[in-house]
Number of protein chains: 2
Amino acid sequence: MTEPRWLDEPEQRAWRSLMTMQDGLSEFLDRQLRTRCGLSDADYQVLAHLSEAPEGRLRPFELGGLLRWEKSRLSQHLGRMENRDLVTRERCLTDQRGAVVVIAPRGRDLIEVAAPQHVADVRSALIDHLTPAELRTLTTIGDKVRKRLAELEREQLDREQ
Amino acid sequence: MTEPRWLDEPEQRAWRSLMTMQDGLSEFLDRQLRTRCGLSDADYQVLAHLSEAPEGRLRPFELGGLLRWEKSRLSQHLGRMENRDLVTRERCLTDQRGAVVVIAPRGRDLIEVAAPQHVADVRSALIDHLTPAELRTLTTIGDKVRKRLAELEREQLDREQ
DNA sequence: TACATCTGGTTGACGTGTGAACCAATCCGC
DNA sequence: GCGGATTGGTTCACACGTCAACCAGATGTA
């Protein structure tokens, strides 16, 4: 605590580089989706998961698990998507308190137009400019960080008890 | 356009890995700052830039340039930060329409507490787990993407004319 | 069966980001 | 100098995310 251990030059550069890339990439992809298909990144992810699910239907809690979204966020977002005819909500037959989200025809159409364009954007902004080695390193780093964050989260939970 | 060129296995994994890391990292860092210092990531960045500026003062448009924020966002956020005594706003003497943002004592105190903790978090979640080679690769990738995004933005602007 | 607890989901209040409209001061070409 | 374009900034309306409170149906345990 008394010695902060600031980032040195290469560390600083890597960190800033990552942050800038992060902001730039999300901003770019979100804007492309939005201007070309009228979908936000959030809409896209919801529709992507639904379109891959059997019959295009999922329980909200399953969808929330896949997206790692808070349940209130999901509920609010589904409400807005329902108003725009992207999805519909039905009552669940086997669990009386639950619901089922179903992708609507308009949602299906939009995601089928959006998906190839989105992949093309991801390629054009990132993937196509990476060597196989860079691709591997990126995967490695991502996996390491994911594991580490899970660890930190567990520690946090332990401390709370 | 007729052939979408989907991502292959390693590409897919790298992309998802990056996205997950991105979400997880921002979420973690933001939560740490928020619970320990009552600062959002946005607050932190504003205060960080201000505290490094001469006399802790910057014109909003300079700050906006550094943060790459829309001016309306910056204006709104500064308003809220002013209400919380983190910054103050003064009229600019040399440009009658402009303002100057100054870091307030409370803002200075908070950033000085938050900064070392924030760096420690960045280390503990990311930097300390990377080899020098990974650090270099990350920097390289970030730089490539930044250049590429700038290129795409220029093309976009050209198309609009 | 009865009561406590847990789970799936919605709602409301609030903080935050975006785009467009707007105002005033400044700049620039004549 | 004058009039139009540009720049610095704020404001409004709206979309979005988070948290806490809440409700109803399910589950577990005596």
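Here is the naming used below: chain letters follow the sequence lines, and residue numbers restart at 1 for every chain.
Between the side chain of B:Arg97 and the base of D:dT7, at least one donor-acceptor pair of N or O atoms lies under 3.5 Å.
A donor-acceptor contact shorter than 3.5 Å is absent between the side chain of B:Ser75 and the backbone of B:Lys71.
By the 4.0 Å N-to-carboxylate-O rule, B:Glu27 lies too far from A:Arg68 to be salt-bridged with it. Checked for salt-bridge contact, A:Asp109 and A:Arg106 miss the test: no charged N lies under 4.0 Å from a carboxylate O. Note on A:Arg148 versus A:Glu151: salt bridge recorded, some NZ/NE/NH1/NH2 to OD/OE distance being below 4.0 Å.
Backbone-only engagement by A:Arg31 is indicated by non-hydrogen atom pairs under 4.0 Å involving sugar-phosphate atoms exclusively. Counting non-hydrogen atoms under 4.0 angstrom, A:Arg89 reaches the backbone sugars and phosphates but no base. A:Arg91 comes within 4.0 angstrom of nothing in the nucleic acid, heavy atoms only. Within 4.0 Å (heavy atoms only), B:Arg80 reaches at least one base atom of the nucleic acid.
Rounded to an integer number of Å, the gap from CD of B:Glu70 to C1' of D:dT10 is 14 Å. The distance from atom CZ of A:Phe61 to atom C1' of D:dA26 is 13 Å, rounded to the nearest whole Å. Rounded to a whole Å, the CG atom of B:Leu78 is 14 Å from the C1' atom of C:dG17. Taking atom CG of residue B:Leu74 and atom C1' of nucleotide C:dG15, one finds them 16 Å apart after rounding to whole Å. The distance from atom CG of B:Asp23 to atom P of D:dC16 is 17 Å, rounded to the nearest whole Å. The distance between atom OH of B:Tyr44 and atom P of C:dT16, rounded to the nearest whole Å, is 18 Å. One atom, CG of B:Leu66, and another, P of D:dG8, lie 14 Å apart when rounded to the nearest Å. Here D:dT7 presents its C1' atom at 15 Å from CD of B:Gln96, a figure rounded to the nearest Å.
Nearest-nucleotide positions on DNA chain C place A:Ala99 closer to the 5' end than the other of A:Gln76 and A:Ala99. Between A:Lys71 and A:Glu27, the one whose closest nucleotide on DNA chain C sits nearer the 5' end is A:Lys71. Each of B:Arg34 and A:Gly98 was matched to the nucleotide of DNA chain D holding its nearest heavy atom; the match closer to the 5' end belongs to B:Arg34. Positionally, the nearest nucleotide of DNA chain D for B:Cys92 lies more toward the 5' end than for the other of B:Cys92 and A:Ser72.
Taking the six-membered ring where tryptophan is involved, the planes of A:Tyr44 and A:His118 are tilted, since the angle between them lies from 30° to 60°.
Note on B:His77: every side-chain N or O is 4.0 Å or more away from OP1 and OP2 of C:dT16.
Listed nucleotides: D:dG17, C:dG9, C:dT10. Nearest to the side chain of A:Arg59: C:dG9.
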